[in-house]
Amino acid sequence: TMKNKRNSNFDLLQLSNDKEKHLLSLVTHKNNDSAMCELAGLYLGGELGNREVKKAYDLLLRAANLNNSHAMCLLSTLYENGDLGVV
């Protein structure tokens, strides 16, 4: 019997983790509001494991304070869906 070896090149979680690191760098070093929205999307979509609404909310609030209209729309959706019951 051959042992099944996993091909790490196609590991979606690893790709998402790499994307998270890149976006965090843009958020931290450049205060990039678009990166904040994209990272919030990763957190809301659960692509990194558990869905992390609080982290997404904090990022979207920062981006909205930088006048990012996409962040404002996403925040309103979070409120509308009741995702922010406990923030």
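Everything numeric here is computed off the predicted structure, so don't read it as measured data. Basis for what follows: all heavy atoms, side chains included, without hydrogens, waters or symmetry-related copies.
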Exercise. Hey, is R62 close enough to D58 for a salt bridge, meaning N to O under 4.0 Å?
Worked result: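 No, no charged N to carboxylate O under 4.0 Å.
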
Is there a path of hydrophobic side-chain contacts, each under 4.5 Å between heavy atoms of I/L/V/M/F/W/Y residues, joining [Y] to [X]?
X: V27; Y: L60; result: no
X: L48; Y: L24; result: yes
X: Y79; Y: L61; result: yes

Distance (rounded to the nearest 0.5 Å) between [X] [atom1] and [Y] [atom2]:
X: H70; Y: L75; atom1: NE2; atom2: CG; answer: 10.0 Å
X: Y57; Y: L78; atom1: OH; atom2: CG; answer: 9.0 Å
X: L74; Y: S76; atom1: CG; atom2: OG; answer: 7.5 Å

Exercise. Should the heavy atoms of other residues, nucleotides or ligands under 6.0 Å from CG of N50 be counted, would the total exceed 12?
Worked result: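 Open.
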
For this session: Only counting residues at least two apart or in another chain, list the ones meeting side-chain hydrogen bond (donor to acceptor under 3.5 Å, both in side chains) with N68.
Result: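 By the side-chain hydrogen bond (donor to acceptor under 3.5 Å, both in side chains) rule, N68 matches D33.
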
Would you give me the side-chain donor-acceptor pairs under 3.5 Å for residues 35-42, sequence neighbours excluded?
{"residue": "E38", "atom": "OE2", "partner": "K19", "partner atom": "NZ", "Å": "3.1"}

Problem set entry | Expected output: side-chain R51 to main-chain L44 donor-acceptor under 3.5 Å |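 Such a contact is found between R51 side chain and L44 backbone.
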
Exercise. If we only count heavy atoms from C-beta on, is the N17 to E20 side-chain gap below 4.5 Å?
Worked result: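 Yes, at least one pair of side-chain atoms sits under 4.5 Å.
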
Problem set entry | Minimum heavy-atom distance between L59 and Y43, given as atom pair plus value |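 Smallest heavy-atom distance, with atoms named: CD1-CE1, 3.5 Å.
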
